[in-house]
Amino acid sequence: MRNGFVNLLGGVVTAELTGPYPEQMLNRCIKQGIHIWDVTVSETGSVQFKLQLKHVHRMRKFFRKTDLTLRFKEREGLPFLLKKMRVRAGFVTGIVAFIVGFILLSNIVWGYSIQGASPQVEQKLEEAIEELGVKRGEFIFHLPKPNVIQAYVTDRVDEATWIGVRRKGTNYEFEVVEQVRQVEPEILSPRHLVASKKAVIRSMFVEDGTAIKHTNDVVEKGDLLVSGFIGVEGNEQTIPAKASVKGEIWYTSTVSMPLTQTYRSLTGEQKNKYHLTVGNVSIPFWNFTAPKYDAHQTFRRESDYSILGYRLPFQITVDEQRETLQFEKTYEKAEAIEVLKNQAKFDLKQDLPDDAQIIGEQVLHETVESDKVSLTIHYQVLEEITQEKPIIQGD
């Protein structure tokens, strides 16, 4: 037959036929729909031929009442291979277990090394590494990619100028270049310190210069706080004034929100769609249909299978289609006021310096109109109010 591959899937048997006039019996078999090919005649007069395994039983029936002898000599194809595998099940199981174990062990972290770091920096780096889950026994495809790990640990370890991350087989290597901090003397020009905004002075520490204002004084923006002139009149010198002046400043914030808010959340139900990714080609092979959700959000996750440190050209991509639910929540007036107060304080802190401190707040006005709550809030903030003003020759 022409299609040898299909025959091998069903099984092929080589038979030998001996006796008087075997050709007539073969022609009879062919007429009955039994496919025979590769027919050869030996010097002794026997005939060898091949047939499909599924026709063996029918052919035996044809030759039972004849003087011909039918022998089966060779067997090939998938059914006979599977039979051999069942006989050697333990051996086959061992091979499969070895391959699976080899792939799993090739994708497990066996350790990491750190080079170029001082003990203090190494400790901080180890803490950052553990937060990411990079530890012995963890599966590599569960961990972020090396460039993501590098960005994370570099951000966490301030003492390092650069941290290189490389995955070598089943180990991670971290190479650290620490910062060389050189403290240069600060060179300042002669200057005064003036108020940067209107405030009430609450604390004042003058390191260099002459204090002009004092605690509890009310100052306007631009008022002189600390002078850069020192010495007696007529023999004055100019210096860069240095001081820390904390002032109490007042801010007013107006915020509002509807009493009924619309939110969206995940229900916990999800349907995963699997793709085989080869290069830039993605081939879906499981769960082809879209989920029957009213609304859903898709999160994509890709595997990172590798053998001996080499990433396999094919990977599994999973599209996690998670059901979302939209709902409304109606706040009581007291709840809405509390939400607005927290929101207003958060927004104010975004505009304040890092060292500023909110020392008091008071709701000046609140209204509820058309299912909407509005607040006007007064804040008392303690922050640094000094601003330098250069001393120009001739002042």
Side-chain angles (χ1 to χ4, degrees), residues 155-156 158-159 161 179-257 336-367 372-395:
D155 183 63
R156 287 295 309 276
D158 297 332
E159 294 81 0
T161 302
Q179 293 183 4
V180 179
R181 298 180 180 272
Q182 296 181 352
V183 180
E184 298 181 356
E186 187 179 13
I187 301 176
L188 300 175
S189 301
R191 66 181 184 182
H192 301 303
L193 295 179
V194 299
S196 60
K197 55 188 70 176
K198 181 179 179 179
V200 177
I201 298 175
R202 294 305 184 194
S203 68
M204 192 170 188
F205 174 75
V206 179
E207 184 176 350
D208 291 317
T210 304
I212 305 300
K213 299 292 184 180
H214 301 88
T215 304
N216 297 326
D217 286 350
V218 177
V219 294
E220 299 287 341
K221 180 178 180 180
D223 285 354
L224 182 62
L225 302 176
V226 180
S227 173
F229 292 127
I230 60 172
V232 297
E233 187 175 354
N235 192 23
E236 293 177 332
Q237 297 180 354
T238 57
I239 63 168
K242 293 183 181 180
S244 173
V245 181
K246 295 286 183 73
E248 181 181 322
I249 305 168
W250 307 278
Y251 294 94
T252 301
S253 178
T254 300
V255 288
S256 62
M257 64 173 279
I337 290 175
E338 193 63 30
V339 170
L340 287 175
K341 289 171 68 175
N342 292 333
Q343 176 188 331
K345 182 177 287 188
F346 176 82
D347 293 341
L348 177 62
K349 286 182 177 180
Q350 302 304 306
D351 299 329
L352 294 176
D354 294 338
D355 59 348
Q357 180 183 359
I358 299 176
I359 59 175
E361 66 177 81
Q362 182 180 4
V363 177
L364 299 180
H365 186 66
E366 65 180 55
T367 58
K372 183 177 182 181
V373 179
S374 300
L375 292 183
T376 301
I377 307 175
H378 172 78
Y379 290 99
Q380 297 167 264
V381 179
L382 197 64
E383 63 180 274
E384 184 71 38
I385 61 170
T386 56
Q387 181 180 10
E388 67 175 77
K389 178 181 179 182
I391 298 177
I392 301 175
Q393 189 175 4
D395 286 354

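Keep in mind that the numbers below use all heavy atoms, side chains included, and drop hydrogens, waters and symmetry copies. Please read these numbers as outputs of a predicted model, since none were measured by experiment.
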From [X] [atom1] over to [Y] [atom2], what is the distance, rounded to the nearest 0.5 angstrom?
{"X": "Q357", "Y": "I359", "atom1": "CD", "atom2": "CD1", "value": "7.0 Å"}
{"X": "Q362", "Y": "T376", "atom1": "CD", "atom2": "OG1", "value": "12.0 Å"}
{"X": "T210", "Y": "L225", "atom1": "OG1", "atom2": "CG", "value": "13.0 Å"}
{"X": "L340", "Y": "N342", "atom1": "CG", "atom2": "CG", "value": "9.0 Å"}
{"X": "T238", "Y": "R191", "atom1": "OG1", "atom2": "CZ", "value": "12.5 Å"}
{"X": "I212", "Y": "D223", "atom1": "CD1", "atom2": "CG", "value": "11.0 Å"}

Worksheet entry | Non-hydrogen atoms of V206 and A243 that approach each other most closely | CA-CB, 3.8 Å

Worksheet item: Which atom pair, heavy atoms only, marks the closest approach of H214 to M204?
Response: CA-SD, 4.1 Å

4.5 Å side-chain heavy-atom contact, [X] and [Y]:
{"X": "K246", "Y": "E384", "result": "yes"}
{"X": "K345", "Y": "Y379", "result": "yes"}
{"X": "L348", "Y": "V381", "result": "yes"}
{"X": "L224", "Y": "K389", "result": "no"}
{"X": "V219", "Y": "I385", "result": "yes"}

Worksheet item: side-chain contact (heavy atoms from CB on, under 4.5 Å) between V245 and R202: does it pass, once the steps are laid out?
Response: CA-CA 8 Å; V245 181; R202 294 305 184 194; over 6 Å; no

Could you go through residues 250-257 and list every donor-acceptor pair under 3.5 Å that involves a side-chain atom there, pairing it with any protein atom two or more places apart or in another chain?
from	atom 1	to	atom 2	distance (Å)
W250	NE1	E248	OE2	3.4
Y251	OH	K197	NZ	3.4
Y251	OH	E383	OE2	2.8

Worksheet item: Is the side chain of H192 donor-acceptor paired with the backbone N or O of S227 at a distance under 3.5 Å, no angle test?
Response: no

Discussion item. For a side-chain contact (heavy atoms from CB on, under 4.5 Å) check, start with the C-alpha distance between L352 and I358, then their side-chain angles and the critical distance, and finish with the verdict.
Written reply: CA-CA 10 Å; L352 294 176; I358 299 176; 4.2 Å; yes

